[in-house]
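Everything numeric here is computed off the predicted structure, so don't read it as measured data. Just so it is clear, the values below take in all heavy atoms, side chains as well, and ignore hydrogens, waters and symmetry mates.
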Amino acid sequence: MIGLGLLVIRAVIGLSFVGHGAQKLFGWFGGHGLKGTGGWFDSIGMKPGVTMALFAGLSELIGGALFALGFLTPLAGTLIALTMLVANFKVHGANGYWATQNGYEYNLAILAVAIGVALIGAGPFSLDSILF
């Protein structure tokens, strides 16, 4: 049952991050694409915005895909965790803890999941367990 639980966690978090990356990179799922996201990154002091949006989008897309597949899980968890750390420090941290105030609560929960799975492993239903 632990393996199935890890698969559910990895699939939901990983595929959500694939979607977030696609929003930033391609404008899919209601996103603003590189140009729009880059403009917002510029506005919060992350310059050059388009380059930073590219890095964030790739980190989310690649990290999410690897996480969902359970492939190179420590790397996948690290990519997701780093994205959440940046989000907390650049956007949400100043707003306090609660998500209702645009705080870091939600991002911290994702950070904990990413680090936790990276540390314990992806479980038996993963490419890591098949290949390594």
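- Of the inter-residue distances, the one linking Ile44 atom CD1 with Met52 atom CE reads 9.0 Å to the nearest 0.5 angstrom.
- The minimum heavy-atom distance linking Asp128 with Ala122 is given by the pair OD2-CB, 4.3 Å.
- Proximity of a side-chain donor or acceptor of Thr37 to a complementary backbone N or O of Leu34 within less than 3.5 Å is not detected.
- The minimum heavy-atom distance linking Ala87 with Asn107 is given by the pair CB-ND2, 3.7 Å.
- Of all non-hydrogen atoms in Ser129 and Pro124, the two that sit nearest each other are OG-O, 2.7 Å.
- Counting non-hydrogen atoms of other residues, nucleotides and ligands closer than 6.0 Å to CG of Leu131 gives a total above 12.
- Under the 4.5 Å side-chain heavy-atom criterion for Ile, Leu, Val, Met, Phe, Trp and Tyr, Trp40 and Trp28 are members of distinct hydrophobic clusters.
- A donor-acceptor pair under 3.5 Å links the side-chain atoms of Arg10 to the main chain of Phe125, judged by distance alone.
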Going through the distances and angles, do Met46 and Val86 end up as a side chain to side chain contact (heavy atoms under 4.5 Å, CB included)?
CA-CA 10 Å; Met46 294 180 67; Val86 172; 3.7 Å; yes
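- The CG atom of Leu66 sits 12.0 Å away from the OG atom of Ser126 when rounded to the nearest 0.5 Å.
- The distance from the CE atom of Met84 to the CD atom of Glu60 is 6.0 Å, given to the nearest 0.5 Å.
- A side-chain donor-acceptor contact under 3.5 Å links Glu105 to the backbone of Ala99.
- Side-chain atoms of Ser59 come within 3.5 Å of backbone atoms of Leu79 as a donor-acceptor pair (strictly under, hydrogens ignored).
- Ring geometry, Phe71 versus Phe132: the interplanar angle falls under 30°, so the pair is classed parallel (tilted spans 30 to 60°).
- Ile110 CD1 to Ile80 CD1: the interatomic distance, rounded to the nearest 0.5 Å, is 8.5 Å.
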Going through the distances and angles, do Leu6 and Ile120 end up as a side chain to side chain contact (heavy atoms under 4.5 Å, CB included)?
CA-CA 10 Å; Leu6 284 167; Ile120 64 172; 3.8 Å; yes
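- Annotation for Ala114 and Ala81: closest pair CB-N, 4.2 Å, computed over non-hydrogen atoms.
- Looking only at distances, no side-chain donor or acceptor of Asp42 sits under 3.5 Å from a matching main-chain atom of Lys47.
- A heavy-atom distance below 4.5 Å is found between the side chains of Leu111 and Leu108.
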Could you give me the CA-CA distance, side-chain angles and deciding distance for Tyr104 and Tyr97, then say whether ring pair (Phe, Tyr, Trp, His ring centres under 6.0 Å) is met?
CA-CA 5 Å; Tyr104 60 89; Tyr97 181 72; 5.3 Å; yes
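- Atom CZ in Phe41 sits 10.5 Å away from atom NZ in Lys90 (nearest 0.5 Å).
- When the side chains of ILVMFWY residues are joined at heavy-atom separations under 4.5 Å, either directly or via intervening members, Leu58 and Phe26 end up in a single hydrophobic cluster.
- Taking 4.5 Å as the limit, some side-chain heavy atom of Leu25 sits within range of a side-chain heavy atom of Leu54.
- Follow the hydrophobic side-chain contacts under 4.5 Å out from Val8 and you never reach Leu119; the two are in separate clusters.
- Here Leu69 contributes atom CG and Leu7 contributes atom CG; the two are 10.5 Å apart, rounded to the nearest 0.5 Å.
- Linking Ile, Leu, Val, Met, Phe, Trp and Tyr whenever their side-chain heavy atoms come within less than 4.5 Å puts Leu127 and Leu75 in one cluster.
- A donor-acceptor contact shorter than 3.5 Å is absent between the side chain of Asn102 and the backbone of His92.
- Cluster annotation: Ile9 is not connected to Leu72 through the hydrophobic network of ILVMFWY side chains, with a link wherever side-chain heavy atoms come within less than 4.5 Å.
- For the pair Phe55 and Leu82, the minimum side-chain heavy-atom distance is 4.5 Å or more.
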